[in-house]
Amino acid sequence: MRKRLSANVSILIASLGLAGFQLESRTAPTTGTTGTGGIFADVTREAGLDFVHFNGMTGELYFAEMNGAGVALFDLDNDGDLDVYLVQGTPLGSGVGHVSDRGRPRTDRLYRNDLDPHRKDLESEAAPGVVLSFTDVTEASGLSAERYGMGVTAGDFDNDGWTDLYVTNLGANQLLRNDRDGSFTDVTAKAGVADEAWSISAIFVDFDRDGWLDLYVTSYVDFNLANHRVCPAASGSPDYCGPLAFAAVSDRLYRNLGDGTFKDVSASSGLRAVSAAGMGVVSGDFDGDGWPDFYVANDQTENHLWLNQGDGTFRNGALLSATAFNESGAPEASMGVAAGDYDNDGDEDLFLTHLRRETNTLYRNDGSGLFVDATRSSGLGPPSWRYTSFGTAWLDFDNDGWLDLLTVSGSVRILEDLARLDDPHPLHQRNQLFRSVRGERFDEVDFPAGSAFDRSEVSRGAAFGDLDNDGDTDVLITNNGGPVRLLLNTLGQDRHWLGLRLVGRDAARDMLGAWACLSRPGAEALCRRARAGGSYASSSDPRVLFGLDGSVAVGRVRVEWPSGRAETFAVEGVDRYLTLREGAGTALP
């Protein structure tokens, strides 16, 4: 699918080092949800995603109403494409609004992806050749998620080959088991993972390498409607409070016992030793010892790097690794977090989104688990100064082999210039896309990113994945008190790529945490981790996607499985997805 740009846009693309791509230039409409004319096209309306988030705002400035909500991309029906789970809010206090203006209950919503490459009648005007279509299957699924939702993560906790969901809430969370027929059953009580604290993000990962996915849940602060308070803005007018106005609480770690139940090991693992306002969490092997670690983004307090000791316990190595504070030694209002090898040196680096006037932060891993604050040298500091950002991820949007960045933004304190205009939701800001220049610095992509990036909304969650299975990364963004946005990548498939689904030997599930390195003749190896968690309160495509630039020659893939087993696989052909199964490769010592 080739697109063509006008001469002026082509010059802008070339100035960003994207010469060689041909995209179609269109005039963005002034109404509706469609945004066109760049790298990402907004196809929300055409695809049938009609979800609008409800935050329960009543004017009381409840702390919780500005934090939601997240989204999950996952394959609910094992048909090979990504479906969508969207987290909804409910009324707070004396608020009303249990039923939306469409007559539907205000609950979380589940949309089935009916991707059909042969249905040309479904092609989008925003992105010709796109055949995405979603169907709301919430009622048919039997889902009952009517609490004040925050986030969601996806993973096959019972090893039956079908992906389950864990939903975080203001109050008790929910574990939703996939019943393999399009329906879900709430098994929270049996599993023992309700967690009554206010939770925001969660991830599934096999931290003890026993073959079962465990569960990490970030706990925010001890807020409820009974201890609600209003804090003054700089001008003295009433405003939302920050996390320091409430007591912090400890995160939770649940060990999967393999029988449908979990054991709370928060205390015995060492996590209960500290309390903080946890928002985002990501897992990776940050010190290279073969055991999965956790990095937690805490709001206005020091961040935590929980290093797995291999015996069921964790040590907080954030201070010694230089990831607890920024280079000035100050804590920041960390929200979203992404881990990935942005400089292609074989280890995982960290990126965090922060409050306005703090800048986002990039920590570069030196390979030993020690990090350097590379925010200024990478050029990522100044462009983020004016924004409060949440969801984020490393993504190779142009498939050139170097990981780029996308951040979504929206303020948590009332913006006075918008309040003076009587804006009903005076928190909105625009989102940002940054292109990597060979892992050395990042340039913000402005107009060529697409007119969808011109919008000013209150964005929170962001999930990343290849929704149309064409070999590039698309983005689904949730807006607090606003509509969901589906941004389809129209650029990446013009370069070669290779996608991998990594599944287990005994359990035919996505092996979250597997580390895959692709060797290429005459080029550096590319390493990516299969993960669903990260970003902010969201869950993404667990498949691994390698951008190959113009190369059609690939060699072998080395996979380090969560079990500790390492194998190599011979790979032939590009521009396709392959499934690699543990035990089917050549074992390595």
Side-chain angles (χ1 to χ4, degrees), residues 63 67 197-203 216-223 241-253 266-267 269-287 292-309 313-339 348-366 368-376 380-381 384-385 388-390 392 407 412-413 533-537:
F63 187 32
N67 287 292
W198 177 9
S199 308
I200 291 184
S201 294
I203 55 172
Y216 190 108
V217 184
T218 65
S219 300
Y220 195 40
V221 297
D222 182 20
F223 165 83
C241 290
L244 300 183
F246 304 92
V249 290
S250 300
D251 292 347
R252 292 290 183 268
L253 180 62
S266 308
S269 65
L271 269 64
R272 292 287 294 274
V274 296
S275 298
M279 298 200 89
V281 59
V282 69
S283 179
D285 182 9
F286 299 111
D287 56 2
D293 311 307
F294 298 105
Y295 185 81
V296 185
N298 295 317
D299 192 359
Q300 295 191 13
T301 55
E302 65 181 87
N303 297 322
H304 296 150
L305 175 59
W306 292 109
L307 296 174
N308 195 331
Q309 303 301 290
T313 66
F314 290 80
R315 174 177 60 85
N316 184 9
L319 189 60
L320 292 179
S321 68
T323 58
F325 307 103
N326 64 14
E327 65 177 353
S328 300
E332 296 176 296
S334 301
M335 270 81 81
V337 59
E348 289 182 279
D349 312 291
L350 290 163
F351 177 78
L352 292 103
T353 57
H354 291 128
L355 197 67
R356 187 170 65 117
R357 297 177 182 171
E358 283 185 346
T359 81
N360 298 329
T361 299
L362 174 64
Y363 293 112
R364 186 181 69 243
N365 193 337
D366 72 356
S368 67
L370 301 178
F371 291 78
V372 174
D373 189 329
T375 307
R376 288 192 292 177
L380 287 169
S384 62
W385 173 259
T388 294
S389 299
F390 281 80
T392 187
T407 62
V412 294
R413 303 299 298 267
S535 187
Y536 172 79

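Note that the numbering runs from 1 along the sequence shown for the chain.
- Across all non-hydrogen atoms, the minimal contact from Asn303 to Thr323 is CB-O, 3.7 Å.
- Between Val412 and Leu355 the shortest side-chain heavy-atom distance falls below 4.5 Å.
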request  = Determine, stepwise, if the pair Phe286 / Tyr363 fulfils side chain to side chain contact (heavy atoms under 4.5 Å, CB included).
outcome  = CA-CA 12 Å; Phe286 299 111; Tyr363 293 112; over 6 Å; no
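- For Asn316 (side chain) and His304 (main-chain N/O), no donor-acceptor pair under 3.5 Å exists by modelled atom type.
- No side-chain heavy atom of Phe294 sits under 4.5 Å from any side-chain heavy atom of Asp251.
- Note that CD of Gln300 is 9.5 Å distant from OG of Ser334, once rounded to the nearest 0.5 Å.
- Rounding to the nearest 0.5 Å gives a distance of 8.5 Å between CD of Glu348 and CZ of Phe371.
- Between Arg357 and Trp385, the closest side-chain pair of non-hydrogen atoms falls below 4.5 Å.
- Between Glu332 and the options Thr353, Thr361, Thr359, a side chain to side chain donor-acceptor pair (under 3.5 Å) holds for only Thr361.
- Across Asn360 and Thr407, no two heavy atoms sit closer than the pair ND2-CG2, 4.1 Å.
- Atom CZ of Phe351 and atom OG1 of Thr375 lie 8.0 Å apart (nearest 0.5 Å).
- Pairing each heavy atom of Thr388 with each of Met335, the nearest pair is CG2-CE, 3.6 Å.
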ask   = Are Ser250 and Ser275 close enough, and set up right, to give a side-chain hydrogen bond (donor to acceptor under 3.5 Å, both in side chains), and what steps lead you there?
value = CA-CA 4 Å; Ser250 300; Ser275 298; 3.2 Å; yes
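- Atom CG in Leu350 sits 12.5 Å away from atom CZ in Arg364 (nearest 0.5 Å).
- Counting heavy atoms from C-beta outward, Val281 and Trp306 have side chains that stay 4.5 Å or more apart.
- In this view, Phe325 satisfies the ring pair (Phe, Tyr, Trp, His ring centres under 6.0 Å) rule with no residue, not counting sequence neighbours.
- Minimum heavy-atom separation, Gly336 to Ala297: O-CB, 4.4 Å.
- In this structure, the separation between CD1 on Ile200 and OH on Tyr536 is 4.0 Å, given to the nearest 0.5 Å.
- Closest approach of Cys241 and Ala245 over heavy atoms only: CB-CB, 3.9 Å.
- Residues Asp287 and Leu305 are not in side-chain contact: their nearest non-hydrogen atoms beyond the backbone lie 4.5 Å or more apart.
- Between Ile203 atom CD1 and Thr218 atom OG1 the span is 9.5 Å, to the nearest 0.5 Å.
- Taking the ring pair (Phe, Tyr, Trp, His ring centres under 6.0 Å) definition, one finds that Trp198 meets it with Phe63, Tyr220, Phe223, sequence neighbours left out.
- Every residue was checked against the ring pair (Phe, Tyr, Trp, His ring centres under 6.0 Å) condition with His354, not counting sequence neighbours, and none meets it.
- Taking all atoms of both residues into account, the shortest heavy-atom contact from Gly278 to Val296 is CA-CG1, 4.4 Å.
- In this structure a side-chain-to-backbone donor-acceptor pair under 3.5 Å is missing from Asp373 to Asn326.
- At distances below 3.5 Å, not a single donor-acceptor pair connects side-chain atoms of Thr313 with backbone N or O atoms of Gln309.
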